[in-house]
Amino acid sequence: MRAIWKGAISFGLVSIGIKLYSATEEKNIHFHQVHREDGGRIAYERICSVDGAEIAFDDIAKGYDLGGGEMVILTDEDFAHLPLPTSHAIDVLGFAPAEQIDPILYAKAYYLEPDGAATKPYLLLRDALTSSERVAIVKVALRQREQLGALRVRDGVIVLNTMLWPDEVRAAEFTFLNDAEKLRPAERAMATSLVDSMVIDFRPDDYADNYREALQAVIDAKVSGKKVVAPKGRATKPTPSRKAPAAKRTRPTKRAS
């Protein structure tokens, strides 16, 4: 694995140098949009919906849609003055019982490795978290955003789980929640009995992504059967018409993932 961030866990007078690694990776099979006839990749131009001109990357800014066709344009200077910490520090705010954290708050997971001479304090913190059965509640600035997080121990390694802010979790407001009093005691007992009859020990390795495996088998079969379309050459990029009125231009659709 390659470290994507270096910094320190900081609490009180203690600072523990760490390297941060992505702990998970998606195994989805990704496709490109191509021309069915020759396999050529489909290119999308950056076209302004107002004047129909192709826009260079340097001329692209961030805009906040106010609705009704109004747009607020933000510059690099606007972002430069925001209160985002620039230091690579994982600031520990306190330690809390793990069961107090609703799993819905967890976002992405990262492994933390001690950096250089920080191994001993790292191991001491790891063992303290394990024996106390607590997690460290932290704040950290990653990917140009300040995030709430939790430090916990998994397989002997401290893991940073970034977390959603409370206002990023939608309230579960559904009308069926008012129907709970309509359930009879016998119905509740039957449902509990069914759950008890299907108790298992969860072992993640017992499960597999059957769809992805079947899709990969289809791809492998096409490769071995030589049913692969190879583009013959690179087509010349067409020059967009600058004279066409904006109303007649079709805005590029978003690329499928």
Does the cation-pi check pass for Lys19 over Tyr21, that is, NZ or CZ under 6.0 Å from the six-membered ring centre and within 45° of its axis?
no
Over 60° means perpendicular and under 30° means parallel, so tell me whether His88 and Trp5 are parallel, tilted or perpendicular.
parallel
Least distance between heavy atoms, Val140 atom then Ile90 atom
CG2-CG1, 3.9 Å
For Tyr106 and Ala150, indicate whether the former's side chain and the latter's backbone hold a donor-acceptor pair under 3.5 Å.
no
For a quick test of reading the model, state the closest non-hydrogen atom pair linking Val159 to Ala109 and the distance between them.
CG1-CB, 4.2 Å
Do Asp115 and Ile18 have side chains that get closer than 4.5 Å, going by heavy atoms?
no
Assess whether a salt bridge exists between Asp209 and Lys27, defined as any Lys/Arg side-chain N lying under 4.0 Å from an Asp/Glu carboxylate O.
no
With no hydrogens and no angle check, just 3.5 Å: does a side-chain donor-acceptor pair link Thr75 and Asp78?
yes
Would Ile219 and Val34 show up in the same hydrophobic cluster when neighbours are defined by side-chain heavy atoms closer than 4.5 Å?
no
ILVMFWY network linking Val14 to Val138, side-chain heavy atoms under 4.5 angstrom:
yes
Which atoms form the tightest heavy-atom contact between Glu113 and Tyr122, and what is the distance?
C-CE1, 4.3 Å
CZ of Arg46 to SG of Cys48: how many Å apart, nearest 0.5 Å?
13.0 Å
Between CG on residue Leu125 and CD1 on residue Ile16, distance to nearest 0.5 Å
4.5 Å
Quick check against the 3.5 Å criterion: does Arg212 have a side-chain atom that pairs as donor or acceptor with the backbone of Ile29?
no
Are the side chains of Met163 and Ile101 in contact, using a 4.5 Å heavy-atom criterion?
yes
Between CG on residue Asp91 and CZ on residue Phe11, distance to nearest 0.5 Å
11.5 Å
Within 6.0 Å of CG in Leu13, more than 12 heavy atoms from elsewhere:
no
Side chain to side chain donor-acceptor pair (under 3.5 Å) assessment of Ser193 paired with Asp196:
CA-CA 5 Å; Ser193 177; Asp196 290 341; 6.0 Å; no
Determine the minimum heavy-atom distance between Ala98 and Val135, stating which atoms define it.
CB-CG1, 3.9 Å
How far apart are the closest heavy atoms of Leu129 and Leu151, and which atoms are they?
CD1-O, 4.1 Å
Rounded at 0.5 Å granularity, tell me how far CG in Leu183 sits from CE in Met190.
10.5 Å
Side-chain donor or acceptor of Thr119 paired with backbone N/O of Pro114 under 3.5 Å:
no
Exceeds 12 heavy-atom contacts within 6.0 angstrom, atom OH of Tyr207:
yes
Passes side chain to side chain contact (heavy atoms under 4.5 Å, CB included), Tyr110 versus Ile158? Steps please.
CA-CA 9 Å; Tyr110 301 91; Ile158 296 178; over 6 Å; no
Are Ile60 and Phe79 joined in one hydrophobic group, where the rule is that I, L, V, M, F, W and Y side chains link up if heavy atoms are under 4.5 Å apart?
no
Taken to the nearest 0.5 Å, the spacing of Asn210 CG from Glu213 CD works out to 6.0 Å
Transitively linked via ILVMFWY side-chain contacts under 4.5 Å: Leu112 with Leu93?
no
Treat each ILVMFWY residue as a node, draw an edge where side-chain heavy atoms are under 4.5 Å apart, and state whether Tyr111 and Val153 are in one component.
yes
More than 12 heavy atoms of other residues, nucleotides or ligands under 6.0 Å from CG of Asn28: yes or no?
yes
For Asp201, does the CG atom sit with more than 12 other heavy atoms under 6.0 Å from it, leaving out its own atoms?
no
Please report the shortest heavy-atom distance between Ile42 and His35, naming the atom on each side.
CD1-N, 3.7 Å
Can you check whether Met198 reaches Ile200 side chain to side chain, under 4.5 Å on heavy atoms?
no
In Å and rounded to the nearest 0.5 Å, what is the CD to CZ distance from Glu133 to Arg152?
14.5 Å
